[in-house]
S.K.: 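Pasting a structure here, questions to come.
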Protein chains: 2
Amino acid sequence: METANLLNTLNSIAILSESLQDQIKGHLIEEHFPRKSILLKEGQVSQRIYFIKKGFIRAYYHKGNSEFSTWFMGEGEFIISVYSFFSRKPSFENIEVLEDCTLQSINWDQLQSLYKQHPEFNLTGRIITEQYYIRSEERAINLQTLTAKQRYEKLLADYPGILQKASLGQIASYLSVKQETLSRIRAKH
Amino acid sequence: METANLLNTLNSIAILSESLQDQIKGHLIEEHFPRKSILLKEGQVSQRIYFIKKGFIRAYYHKGNSEFSTWFMGEGEFIISVYSFFSRKPSFENIEVLEDCTLQSINWDQLQSLYKQHPEFNLTGRIITEQYYIRSEERAINLQTLTAKQRYEKLLADYPGILQKASLGQIASYLSVKQETLSRIRAKH
DNA sequence: AATAAGTTTTGACTAAAGTCAAAAAGAGTT
DNA sequence: AACTCTTTTTGACTTTAGTCAAAACTTATT
């Protein structure tokens with residue numbers, strides 16, 4: 001089974017110098033996390049940016065008595081708790097491993113020092129931030145313009161294996177419908 | 001009446017050198033736009049990033065037979081069509097002046113040359129991008145967790161003068177409800 | 001294999017929002 | 001002031017989604 005590769009991903013955005021790649025490698029930690037591991041708990045500050053070599057992850061938060069999924073992420077994607085990592089404030093969301101993972105990560109301070117010591121890395125950082133920002137806007141647009149059924153089909157298209165990894169309730173809250181409603185949507189094919 | 005100031009806003013994020021400030025001033029264009037001006041038409045590539053010194057603006061797009069507001073922005077805020085400006089591809093959204101504006105702007109190429117010639121400006125650019133990215137996530141969360149009435153009240157709190165500037169239909173589509181529904185929400189106070 | 005625990009589906013009912021049409025209110029023009 | 005054009009509100013009805021509870025189905029554990 002193929003795994004995603006961080007340096008390949010970065011180099012596909014803009015070729016990085018050897019010395020920059022070496023410095024990244026020097027900071028990088030690679031770890032395995034089994035299903036149900038918690039990468040971030042609400043109240044903590046999101047300190048690390050993770051790259052998913054392998055596995056599947058979701059973020060969620062609590063509001064009232066309910067739980068809401070913020071996103072799902074799979075191989076080749078970067079994860080942070082956006083609000084907390086960028087603002088350096090306690091997170092309102094949790095990050096949880098849904099499928100055994102291999103993750104590479106560096107922490108916030110190391111990332112800042114990469115930007116400082118290698119100004120050209122700002123380009124890469126900016127492009128990644130912009131790409132995920134575009135995805136975030138797309139999410140609001142999908143909530144605004146797609147039916148629940150279309151949102152469900154889009155999620156399955158984006159993450160084909162998601163039904164084996166996430167529960168219906170986790171998926172339903174991401175789609176902004178109740179679990180019973182999603183179950184009925186599925187029942188009609 | 002007070003107006004917002006671009007250089008003050010940038011300096012409040014990180015103090016900029018005189019030479020950088022001079023270069024920004026050299027690129028900056030200040031223009032007035034009356035209500036109903038179109039700053040960007042769908043199909044065009046968003047070329048300029050605008051700073052609102054004064055006035056009120058919205059973005060919207062068409063899907064099926066309907067129109068949807070993406071955002072409203074007022075004094076002191078930056079505007080681009082996120083997808084188009086960052087990806088350099090044709091915009092699906094339109095940007096329209098709702099209240100006579102004074103805008104300062106530079107174009108995409110000039111912005112890139114600022115980043116290149118003044119690497120420290122990347123910090124400012126990154127922080128602004130991060131802040132707006134956080135707001136974009138917040139929008140999806142509000143759609144997910146707030147009732148239509150709460151979303152309406154939050155919008156009024158964020159933009160107190162909006163009722164004098166935008167029509168109910170424009171506001172309703174932003175809130176993801178039909179105009180008749182919003183009218184009924186308002187009727188019960 | 002049997003039991004227990006958790007997840008998903010189904011049913012009956014309620015609440016909320018959408019639709020279509022008409023009336024009322026507001027703004028702008030002659 | 002009367003007229004036109006546009007926006008907002010209201011009414012009657014339909015459709016969609018939410019709620020609560022129970023049944024069916026899975027998965028893990030003993």
S.K.: Look up atom OG in A/Ser136 and atom OH in B/Tyr132, then write down how far apart they are to the nearest 0.5 Å.
M.R.: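 Answer for the OG-OH pair, A/Ser136 versus B/Tyr132, is 14.5 Å.
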S.K.: Rounded to whole angstrom units, what separation is found between the NZ atom of A/Lys178 and the C1' atom of C/dT8?
M.R.: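 Whole-Å distance recorded here is 16 Å.
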S.K.: State, to 0.1 Å, how close A/His27 and A/Ser113 come at their nearest heavy-atom pair, and which atoms those are.
M.R.: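 Of all heavy-atom pairs spanning A/His27 and A/Ser113, the closest is NE2-OG, 4.1 Å.
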S.K.: Round to a whole Å and report the spacing from CG of B/Leu163 to C1' of D/dT7.
M.R.: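 Result: 13 Å.
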S.K.: How many angstroms lie between atom CD1 of A/Ile79 and atom OG of A/Ser46, to the nearest 0.5 angstrom?
M.R.: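 If I round to the nearest 0.5 Å, the distance is 8.5 Å.
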S.K.: Taking atom C1' of C/dT10 as reference, at what distance in whole Å does atom CD1 of A/Ile185 sit?
M.R.: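 Computing the A/Ile185:CD1 to C/dT10:C1' distance gives 15 Å.
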S.K.: Are A/Arg139 and A/Tyr174 in a cation-pi setup, meaning NZ or CZ lies under 6.0 angstrom from the ring centre and within 45 degrees of the ring axis?
M.R.: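 Yes, A/Arg139 lies over the aromatic ring of A/Tyr174.
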S.K.: State whether A/Ser183 places a side-chain N or O below 4.0 Å from either non-bridging phosphate oxygen (OP1 or OP2) of C/dT9.
M.R.: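 Yes, A/Ser183 has a side-chain N/O under 4.0 Å of OP1/OP2 on C/dT9.
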S.K.: Going by the ring-ring contact (aromatic ring centres under 6.0 Å, His included) test, name the single residue among B/Phe51, B/Trp71, B/Phe85 that passes it with B/Phe78.
M.R.: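 Only match with B/Phe78 under ring-ring contact (aromatic ring centres under 6.0 Å, His included): B/Phe51.
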S.K.: Taking only N and O in the side chain of A/Ser167, is any of them less than 4.0 Å away from OP1 or OP2 of C/dT7?
M.R.: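 For C/dT7, OP1/OP2 do not have a side-chain N/O of A/Ser167 under 4.0 Å.
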S.K.: Once hydrogens and angles are ignored, does a donor-acceptor distance under 3.5 Å link the base of C/dG18 to the side chain of B/Arg184?
M.R.: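 Under the 3.5 Å cut-off, the side chain and the base do not form any donor-acceptor pair.
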S.K.: Rounded to whole Å, how long is the line connecting atom CD of A/Glu180 with atom C1' of D/dA17?
M.R.: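 These atoms are roughly 10 Å apart.
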S.K.: Does A/Gln144 reach the main-chain N or O of B/Ser69 with its side chain, forming a donor-acceptor pair under 3.5 Å?
M.R.: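 Yes: the side chain of A/Gln144 pairs with the backbone of B/Ser69.
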S.K.: Return the residues of residues 58-67 of chain A meeting this criterion: a heavy atom under 4.0 Å from some atom of DNA chain C. Order them by number, or give none.
M.R.: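 Here the set is empty: none.
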S.K.: Within this structure, what is the CD1-to-P distance between B/Ile171 and D/dT9, rounded to whole angstrom?
M.R.: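 Distance, rounded to whole Å: 10 Å.
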S.K.: Which atom pairs link the protein and nucleotides 25-27 of chain C when you take only N or O atoms and keep those under 3.5 Å?
M.R.:
none

S.K.: Rounded off to whole Å, could you give me the NZ-to-C1' distance for the B/Lys188 and D/dT9 pair?
M.R.: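 From B/Lys188 NZ to D/dT9 C1': 14 Å.
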S.K.: What nucleotide, of D/dG18, D/dT10, C/dA17, holds the atom closest to the side chain of B/Ala187?
M.R.: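 That would be D/dT10.
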S.K.: Return the nearest nucleotide to the side chain of B/Thr181; candidates are D/dG18, C/dG18, D/dA21.
M.R.: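 Nearest listed nucleotide: C/dG18.
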S.K.: What class does the angle between the rings of B/Phe92 and B/Tyr61 fall in, given that below 30° is parallel, 30 to 60° is tilted and above 60° is perpendicular?
M.R.: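 Perpendicular: the ring planes of B/Phe92 and B/Tyr61 meet at over 60°.
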S.K.: Does a side-chain N or O of A/Arg186 approach OP1 or OP2 of C/dT9 to a distance below 4.0 Å, or not?
M.R.: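 So the side-chain polar atoms of A/Arg186 do come within 4.0 Å of the phosphate oxygens OP1 or OP2 of C/dT9, strictly under.
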S.K.: Can you tell me the distance, in whole Å, between the CG atom of B/Leu182 and the C1' atom of C/dT19?
M.R.: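 Interatomic distance, CG of B/Leu182 to C1' of C/dT19: 16 Å.
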S.K.: Rounded to whole angstroms, how far apart are CG on B/Leu175 and C1' on C/dG18?
M.R.: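 Value for this atom pair: 16 Å.
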S.K.: Give the minimum heavy-atom separation between B/Phe68 and B/Lys63, together with the two atoms involved.
M.R.: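 Scanning both residues, the minimum pair turns out to be CE1-CB, 3.8 Å.
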S.K.: Once the angle between the rings of B/Tyr159 and B/Phe56 is folded into 0 to 90°, is it parallel (under 30°), tilted (30 to 60°) or perpendicular (over 60°)?
M.R.: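 Because their plane-to-plane angle is over 60°, the rings of B/Tyr159 and B/Phe56 count as perpendicular.
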